[in-house]
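Numbered from 1 within each chain, the chains take letters A, B, ... in sequence-line order.
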Amino acid sequence: MSKNEIIASIRRNKPSLIELELPDYQQFREDIDTVSLFKQQVNEAGGSVIECNRGDIEKILSDNYQNVSEVYSLIDEFNPLDNRSADDEPSEYKNLDLVVLNGKFGVAENGAIWVPDSNLSQRIIPFITRNLVLVVLQMSLVANMHDAYTEIGKFSEGFGVFIAGPSKTADIEQSLVIGAQGPLSLTVFLV
Amino acid sequence: MSHPKLANIFLKNEDRVNWHDKALWFVREKRDVAVNKVKGWEELREVAASIKSNVLSNLDNYLLQFEENAIRNGIKVHWAMNATEHNEIVLKILQENGAKHIVKSKSMLTEECGLNPYLEKSGIEVIDTDLGERIVQLANEPPSHIVLPAIHKRKEEIDALFVEKWGIKGGNGNAEYLTREARKHLREKFLIADAAITGVNFAIAENGGFVVCTNEGNADMGTHLANIHIACMGIEKIIPEMEHLGVFLRLLARSATGQPITAYSSHFFKPRPGTQLHVVIVDNGRSQLLGRPEFRKSLHCIRCGACLNTCPVFRKTGGYSYESVIPGPIGSILGPGTDMEKYNSLPFASTLCGSCTDVCPVKIDIHSQLYKWRQIISPKKGTSIKKLAARVTGNILGNPKLFRLSATIGTVLLRYLPGSLMKNLTAWGKGRELPKVPKQRFRDWYIKNRKE
Ligand code: SF4
């Protein structure tokens with residue numbers, strides 16, 4: 001069996017054990033304003049940030065997205081008619097204009113937002129929609145990726161994704177185009 | 001063909017060479033800006049390199065641990081000794097499920113294994129979904145760069161290609177228009193796909209999960225729509241613990257494109273209910289490489305592409321001059337390890353300026369390994385190092401017109417010139433005095449010394 005062959009070959013060829021050092025993540029700690037850095041990074045990643053109170057979310061959404069027909073929301077503050085069941089085929093979501101989800105937490109150094117299975121009804125949703133809105137608690141922001149994984153801790157869900165900005169590509173002559181195969185826009189509600 | 005011969009072909013089109021050089025240097029500069037913002041970047045590289053050293057010294061156990069945890073999570077794990085076996089495993093999974101339409105996100109491993117042509121022979125449609133990869137696939141070409149697959153193509157060529165293949169209206173090379181057209185085309189492919197194939201950026205031993213990074217969202221569009229996800233990984237992709245992702249994700253995108261992180265870093269642990277998730281673990285010569293102490297460290301590679309972008313020879317000669325799946329400095333040390341005869345000119349496709357080593361996020365001693373390969377290859381070929389190196393560097397540096405086109409090459413060499421190495425090892429540096437930086441411009445020095 002190839003498994004045994006590969007393992008045997010590795011055992012023959014590997015160097016003697018080099019201990020795993022405990023990385024000192026403290027040395028990467030910086031004195032930063034997490035909120036302003038996070039906002040800046042979301043912008044640089046091609047997204048936008050709206051700072052508001054939870055209570056304002058619904059009004060802002062209805063004002064900003066008047067011409068969208070298919071909307072899907074998993075936040076308590078905003079309940080458009082269109083909510084569907086989790087049993088739908090993922091391709092059923094192909095015409096979504098707007099998806100609104102809670103992010104678990106945000107990362108200041110890169111504007112990334114952690115969205116695990118438990119914040120989703122279907123994994124495809126944040127990717128297939130034309131416009132994505134993520135609601136993130138200001139309190140939840142962490143400084144960097146080391147803190148992010150401390151925050152995640154022992155993960156026991158099936159899937160999770162860091163989302164930083166809308167989808168993008170620069171594959172044509174290095175000119176950046178926002179909106180590749182995933183969403184064309186990302187808006188973060190920082191509450 | 002050897003690197004010098006192929007490079008000569010690329011060098012014929014001066015405009016393209018000049019553009020290619022500039023575009024990659026632009027990416028390299030973005031990398032510098034991003035890296036300079038990180039407190040403790042050098043220490044972060046150290047940490048990454050030490051994790052990788054530990055991984056290589058305990059690879060068997062980590063792989064077994066990964067497998068055990070992945071299986072517990074409902075992932076099916078397969079092992080492939082070589083490329084053929086990898087392809088057979090993937091085909092078998094697809095055939096057992098009657099899968100005919102496949103979408104694939106970027107994976108250098110599947111390129112290495114020649115998966116696409118293999119599947120196509122069996123009547124399976126494979127669509128590369130990364131825009132750059134789709135472009136080269138339509139043109140019937142391999143990627144010329146590991147992160148920027150279509151960097152050798154101009155926008156007008158891409159425009160003409162889309163017009164020809166998809167019958168769309170031309171867009172005068174407008175990148176946004178062409179990207180939108182590709183988006184429409186790829187949407188259709190995602191929606192009908194029976195299976196999605198992805199690479200793996202990092203596989204986590206302690207919990208059996210793995211991470212795939214993209215900017216376009218193409219890996220996620222594929223995997224969350226199709227009912228089968230096959231992820232293909234080389235044995236070296238393992239990291240011990242989830243928290244180590246913090247280190248590697250901070251390094252990867254900054255080194256690759258100068259972004260602090262890719263748009264999507266997707267962590268897969270369990271299949272979506274009612275669907276299949278397969279991981280194929282591939283050796284294909286890696287465990288042999290592990291047994292060569294002087295070259296072992298090349299297995300640290302996280303395929304960020306930084307060494308390609310910074311390399312004056314790569315920028316001036318293009319990815320196809322290397323003829324290997326992985327081009328550039330890292331490809332030039334991996335290539336000879338797999339087939340020394342075929343790739344014997346690659347270790348000479350370098351000025352040994354050491355810039356690759358300086359930018360490598362996992363601290364691979366790339367330029368020293370290039371030198372070591374030269375030592376092994378030269379006696380076998382019965383050619384002097386000087387002669388071979390002269391053929392390669394002579395092509396790029398020996399053409400004053402081409403050379404002048406690029407101010408950047410001088411900048412790199414001056415900035416990263418490890419004097420003793422340059423003087424002793426490259427044909428054109430040998431026995432010559434190096435310039436006193438920064439008093440004399442490299443070009444002046446070069447021209448002067450060449451005349452001597
Ligand atoms: S060798 Fe280093 S710099 Fe080059 S692609 Fe690999 S990780 Fe990146």
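- The stretch residues 39-68 of chain A places Q41(A), E44(A) near chain B, each with some heavy atom under 4.5 Å from a heavy atom of that chain.
- Residues W79(B) and N4(A) are not in side-chain contact: their nearest non-hydrogen atoms beyond the backbone lie 4.5 Å or more apart.
- Considering only heavy-atom pairs separated by less than 4.5 Å from chain B, the leading option among E89(A), R123(A), R29(A) is R123(A).
- Along residues 125-137 of chain A, the residues that come nearer than 4.5 angstrom to chain B, judged on non-hydrogen atoms, are F127(A), I128(A), R130(A) in order of number.
- A 4.5 Å side-chain heavy-atom check between I6(A) and M81(B) finds at least one atom pair inside the cut-off.
- Both the backbone and the side chain of Q288(B) come within contact range of chain A, judged by heavy atoms closer than 4.5 Å.
- Both the backbone and the side chain of S9(A) come within contact range of chain B, with heavy atoms under 4.5 Å apart.
- If you tally non-hydrogen atom pairs under 4.5 Å between each of L17(A), I7(A), L20(A) and chain B, the highest count goes to L20(A).
- In this structure the side chain of V47(B) reaches within 4.5 angstrom of the side chain of Q27(A), judged on heavy atoms.
- Interface check for chain B: of the options S91(A), A112(A), G111(A), P116(A), the most heavy-atom pairs under 4.5 Å are formed by S91(A).
- Contact annotation for E85(B): only side-chain heavy atoms (C-beta onward) come within less than 4.5 Å of a heavy atom of chain A.
- By the 4.5 Å heavy-atom criterion applied to side chains, K37(B) and E109(A) are not counted as neighbours.
- In this structure, H267(B) and W114(A) have perpendicular ring planes: the angle between them is above 60°, well past the 30° mark.
- Applying a 4.5 Å heavy-atom cutoff, the residues of residues 169-191 of chain A that approach chain B are T169(A), D171(A), I172(A), E173(A), Q174(A), S175(A), V177(A), I178(A), G179(A), A180(A), Q181(A), G182(A), P183(A), L184(A).
- For the pairing with D60(B), the salt bridge (Lys or Arg N to Asp or Glu O under 4.0 Å) check across K3(A), K14(A), R12(A) returns one residue only, K14(A).
- Chain A forms the most heavy-atom pairs under 4.5 Å with one residue out of I51(B), L64(B), I281(B), and that residue is L64(B).
- Contact residues of residues 152-168 of chain A toward chain B are I152(A), K154(A), F155(A), S156(A), E157(A), G158(A), F159(A), G160(A), V161(A), F162(A), I163(A), A164(A), G165(A), P166(A), S167(A), K168(A) (heavy-atom distance under 4.5 Å).
- In terms of non-hydrogen atom pairs under 4.5 Å with chain A, the most contact-rich of L63(B), T257(B), L44(B) is L44(B).
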